[in-house]
Peer 1: 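Just passing along the structure, written as structure tokens.
Computed from a predicted model, the values in this text were never measured in an experiment. Side chains are part of it too, since the values below use all heavy atoms of this structure and drop only hydrogens, waters and symmetry mates. Letters A, B, ... are given to chains in the order of the sequence lines, protein chains preceding strands, and every chain is numbered from 1.
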Amino acid sequence: MQADVIIDAKGLSCPMPIVKAKKAMEGLQPGQIMQLESTDKGSVNDFQSWVKRTNNELLKVEEDNDVFRFFVKKS
Amino acid sequence: MKEMADSITIEQLHQKMNQDDSVFILDVRNPEDYSEWKIEGHNVQSMNIPYFDFLDEDETVYKDLPKDTEIVVVCAKGGSSEMVADILEEKGYKVRSLKEGMAGWSQLYVPVTIAVDEKVKLVQFNRLAKGCLSYMVVSEGSALVVDPGRKIDEYIDFAKQENVKIAHVMDTHLHADHISGGIDLAKQTGATYYISSGEMQGSDQPFEPLEKHSHIQFGAVDVEILAMPTPGHTPGSTSFLVNRKFLLSGDTIFVGGLGRPDLGGKAKEWAQSLYDTVFKKVADLPDDVLVLPTHYADIKEINENGYVGATLGDIRRSNEIMRTTDMEKFTEQVVSAVGETPPNYERIVGINRGTEHVTDQEAMELEIGPNRCAVHHQ
């Protein structure tokens, strides 16, 4: 999946992955995609909840080698 | 310069819950995690606003927050609550952030003395966040610990304070919802570790089979510990009758009901042995025996003396299932009321049996969250 912006939040713990995600989303146009990588397990539930509340779309969550990759489309 | 909000430790929060008329908790985890598990107390008022809602400049987020009461902000590990507390502090709220969050809260054990005379002292350790209970019986320089949790220093420190040596450690059964500290506590103190051997198949850990003992005595006085096999929750569940006055019932009989029989995949058969336990083995015990379980399902079960426990008479009166003598009805009710399975229970069972090994961090994460072993049959 082609992302318009890629954010590295690996090694950061809550709340930083979401704080970084929010900042990145502010710079995007509707329809554009952000990719964020996190090693914080707690960020999985938080992302799902945050995306719902901000009316964006969580396209996909991948996990490989303890890295979670979130793809969020701006509405 | 930016204001930094103060923090509050789990011990200080617990003290505040005991002292103050009311405690206001703002839980900033996501709503899903919050609905699953939160800090509760009879005087706790709790509100959930996820931390990411505070990232927007949206004043409506603040509309229900009190200006005149201290707000304790809570999250999973203490990072997000600090951020939210700082934001609130800047806006003029009286606020503190709970250090280590729910992860820390899950490690709080509160000792409460249930009974004491010149020879015997019985203490209940309440792990508030999980509704897990464990016990220490102290007599004449020795101590027995039943169903210890992972944080074994709690028992070691308490024994030190009491100036006694932990000589016996027992698990009523192989726990499925939390990691036992039994084997480690016994190793560290040189105590004997007892558990029913039916629970330990495939284990290479040292243990003394409970079924070999009908009595375990310690101290100069005769503290009688009667191991009573009470299968039902798991096939090797055991209860301990202390001085014929206190029934440490494990996960078999709770203040608010009975244990769940389904975790071994043979719910029906186990429900039937639970029936035998209730109507044959426990039936002979008098109404004034105090039942002290390993779990509770609701903070309402903490009584006015600050501990979880009720007399057999009260439990028989208030739980219909304890009077349901029709075996078919009994089985049906017990099997149908089991609810959600404890998370990670298969791995936790493996760890407690000694067939699976994990790091401290993994252990902490595996058993975090509420307990789901107690079942309400109301």
Peer 1: Counting distance alone, with no hydrogens or angles, which donor-acceptor pairs between chain B and chain A are under 3.5 Å?
Peer 2:
unit_1, atom_1, unit_2, atom_2, d
B:N30, ND2, A:D46, OD1, 2.6
B:D33, OD1, A:N45, ND2, 2.8
B:Y51, OH, A:D46, OD2, 2.8
B:D53, OD1, A:R53, NE, 3.1
B:D53, OD2, A:R53, NE, 3.2
B:D53, OD2, A:R53, NH2, 2.6
B:D56, OD1, A:K22, NZ, 2.9
B:E365, OE1, A:K41, NZ, 3.3

Peer 1: Do you know which of B:C75, B:G78, B:P31 has the most heavy-atom pairs with chain A at a distance under 4.5 angstrom?
Peer 2: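 Most pairs with chain A among the choices: B:P31.
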
Peer 1: Who pairs with B:D20 by side chain to side chain contact (heavy atoms under 4.5 Å, CB included), at least two apart in sequence or on another chain?
Peer 2: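 In terms of side chain to side chain contact (heavy atoms under 4.5 Å, CB included), with neighbours along the sequence ignored, B:D20 is linked to B:K16, B:V23.
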
Peer 1: How would you list all residue pairs meeting ring pair (Phe, Tyr, Trp, His ring centres under 6.0 Å) that involve residues 17-41 of chain A, not counting sequence neighbours?
Peer 2: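 Passing the test, one end in residues 17-41 of chain A: no pairs.
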
Peer 1: Apply side chain to side chain contact (heavy atoms under 4.5 Å, CB included) to B:I39 and list each qualifying residue two or more places apart in sequence or on a separate chain.
Peer 2: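 Once residues adjacent in sequence are excluded, the partners of B:I39 under the side chain to side chain contact (heavy atoms under 4.5 Å, CB included) criterion are B:L13, B:M17, B:I25, B:V74, B:L98, B:M102, B:W105.
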
